[in-house]
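In listed order, ligands and their atoms are each counted from 1.
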Amino acid sequence: MEAEIQIKQLFKKYPDGTEALKGINLEIGKSRFFALLGPNGAGKSTLVRILTTLIRKDSGEFFIDGFNPESDFSKIQGTIGVASQENEIDPSETVENTLVFQGRLFGMTKSQAAGRARELTGMFQLDSEKNKKAGILSGGNKRRLHCALALVHNPKILFLDEPTVGMDPEARANFWEIISRLKRDKGTTVFLTTQYLDEADRYATEMALILNGEIRYSGTISEFKNMVAPGNNMTLDESYLHYIKTLNNNELTKKYEEA
Ligand SMILES: Nc1ncnc2c1ncn2[C@@H]1O[C@H](COP(=O)(O)OP(=O)(O)OP(=O)(O)O)[C@@H](O)[C@H]1O
Ligand SMILES: [Mg+2]
């Protein structure tokens with residue numbers, strides 16, 4: 001497997017002492033659709049922030065499309081697209097201009113950037129919103145704009161940190177159609193975090209489960225289901241809950257035995 005995202009022994013401790021990542025090892029192949037799953041506070045967004053060079057790791061290393069973040073920072077910026085709730089958007093700028101500026105940032109000419117902005121407002125059904133200031137968009141439409149911004153430069157790798165939170169069912173279906181098409185036509189690699197396990201079940205093929213900053217499982221989704229309850233044909237949601245419950249029970253038993 002040609003690893004598009006390679007992560008070795010990654011550690012991150014926040015200044016207040018929270019150890020958010022405790023030695024993460026992962027490899028994600030080219031054109032794969034990977035879902036990082038885990039409870040609130042497990043470390044998913046921290047890992048995404050590090051991989052997308054928003055914050056720095058403490059130790060370990062990672063490569064994005066073979067690029068090292070320390071020496072090839074700008075190459076990584078051109079390779080990845082990021083949609084997360086933390087994306088900064090100027091609230092006083094219109095939707096259309098926000099998209100045009102993003103295109104200009106990635107080296108497009110004025111007319112290229114305007115064309116791409118038109119394409120994306122169409123794709124994300126934001127035409128009626130394009131002259132509105134980003135700051136007054138509804139929650140779901142803001143998410144659509146975040147997602148559109150991530151795609152402006154046709155990135156090879158997409159990081160989606162809970163991309164569909166707050167989107168209505170139609171917008172959500174439309175969003176996944178866009179992502180599926182990109183994956184099919186362009187071979188885009190997708191790194192998704194979500195709490196909607198039905199989305200991961202439907203679109204991703206590979207997954208990792210992170211708990212307290214440690215990877216507890218990584219492999220295909222079907223192997224995970226099979227490991228949790230062989231031959232049971234559970235949904236990912238059911239398998240996940242079952243697995244977490246077993247882990248909690250085991251840990252409780254261990255504590256009881258130690259006491
Ligand atoms: N800036 C920060 N300073 C200190 N601690 C932080 C900071 N950001 C996150 N943390 C802590 O790091 C841990 C991991 O947080 P993170 O946001 O990565 O979790 P997550 O898996 O994305 O959770 P969620 O599913 O709720 O989005 C948590 O304990 C969180 O409180
Ligand atoms: Mg998060």
Are any non-hydrogen protein atoms located under 4.0 Å from atom 31 (O) of ligand 1?
no
With distance as the sole criterion, is a donor-acceptor pair present between the side chains of E96 and T121 under 3.5 Å?
no
Below 30° counts as parallel, above 60° as perpendicular, anything between as tilted: where do the rings of F224 and Y243 land?
perpendicular
Would you mind checking which non-hydrogen protein atom is closest to atom 11 (C) of ligand 1, with the distance to 0.1 Å?
T18 CG2, 3.8 Å
Do any N/O atoms on A42 end up under 3.5 angstrom from N/O atoms on ligand 1?
yes
Closest approach of any protein heavy atom to atom 14 (C) of ligand 1, naming residue and atom:
G41 O, 3.3 Å
Heavy atom under 4.0 Å from ligand 1: found in P15's side chain, backbone, both, or neither?
neither
Taking only non-hydrogen atoms of Q195 and a 4.0 Å limit, the atoms of ligand 1 in range are 25 (O)
Mind checking the CG-OG spacing from L209 to S239? Nearest 0.5 Å is all I need.
11.0 Å
In the protein, which heavy atom is nearest to atom 9 (C) of ligand 1, and how far is it?
Y14 CE1, 3.4 Å
Ignoring hydrogens, what is the shortest heavy-atom contact between F124 and C147? Give both atom names and the distance.
CE2-CB, 3.7 Å
As an exercise, identify every atom of ligand 1 less than 4.0 angstrom from a heavy atom of A20.
12 (O)
Would you mind listing which atoms of ligand 1 come within a distance below 4.0 Å of any non-hydrogen atom of E162?
25 (O), 27 (O)
Using a strict 4.0 Å cut-off to heavy atoms of S45, name the atoms of ligand 1 that fall inside it.
17 (O), 18 (O), 20 (P), 22 (O), 27 (O)
Check whether any N or O atom of G38, backbone or side chain, sits under 3.5 Å from an N or O atom of ligand 1, and answer yes or no.
no
Which is it for N40 and ligand 1 at heavy atoms under 4.0 Å: side chain, backbone, both or neither?
both
Can you name the atoms of ligand 1, numbered from 1 with element, that are less than 4.0 Å from a heavy atom of R49?
8 (N), 17 (O)
Are D237 and T235 linked by a side-chain donor-acceptor pair shorter than 3.5 Å?
no
Any protein heavy-atom neighbour for atom 2 (C) of ligand 1 (distance below 4.0 angstrom)?
yes
N, O or S of N40 under 2.8 Å from the Mg ion (ligand 2)
no
To the closest 0.5 Å, what do you measure between CG (L182) and CD1 (I178)?
8.0 Å
Nearest heavy-atom approach of I89 to A134 is CG2-CB, 3.6 Å
Give me the ring orientation class for F106 and H153: parallel if the planes are under 30° apart, tilted from 30 to 60°, perpendicular past 60°.
parallel
What protein heavy atom sits nearest atom 18 (O) of ligand 1, and how far away is it?
T46 OG1, 2.6 Å
Residue pair S45 / D161, side-chain donor-acceptor N/O under 3.5 Å:
yes
I215 CD1 to I7 CD1 distance, which is reported to the nearest 0.5 Å:
7.5 Å
How close does the nearest protein non-hydrogen atom get to atom 25 (O) of ligand 1, and which residue and atom is it?
K44 NZ, 2.8 Å
Any atoms of ligand 1 less than 4.0 Å from a non-hydrogen atom of G43? List them with their elements.
14 (C), 18 (O), 19 (O), 20 (P), 21 (O)
Do I24 and I210 come close enough that some side-chain heavy atom pair is under 4.5 Å?
yes
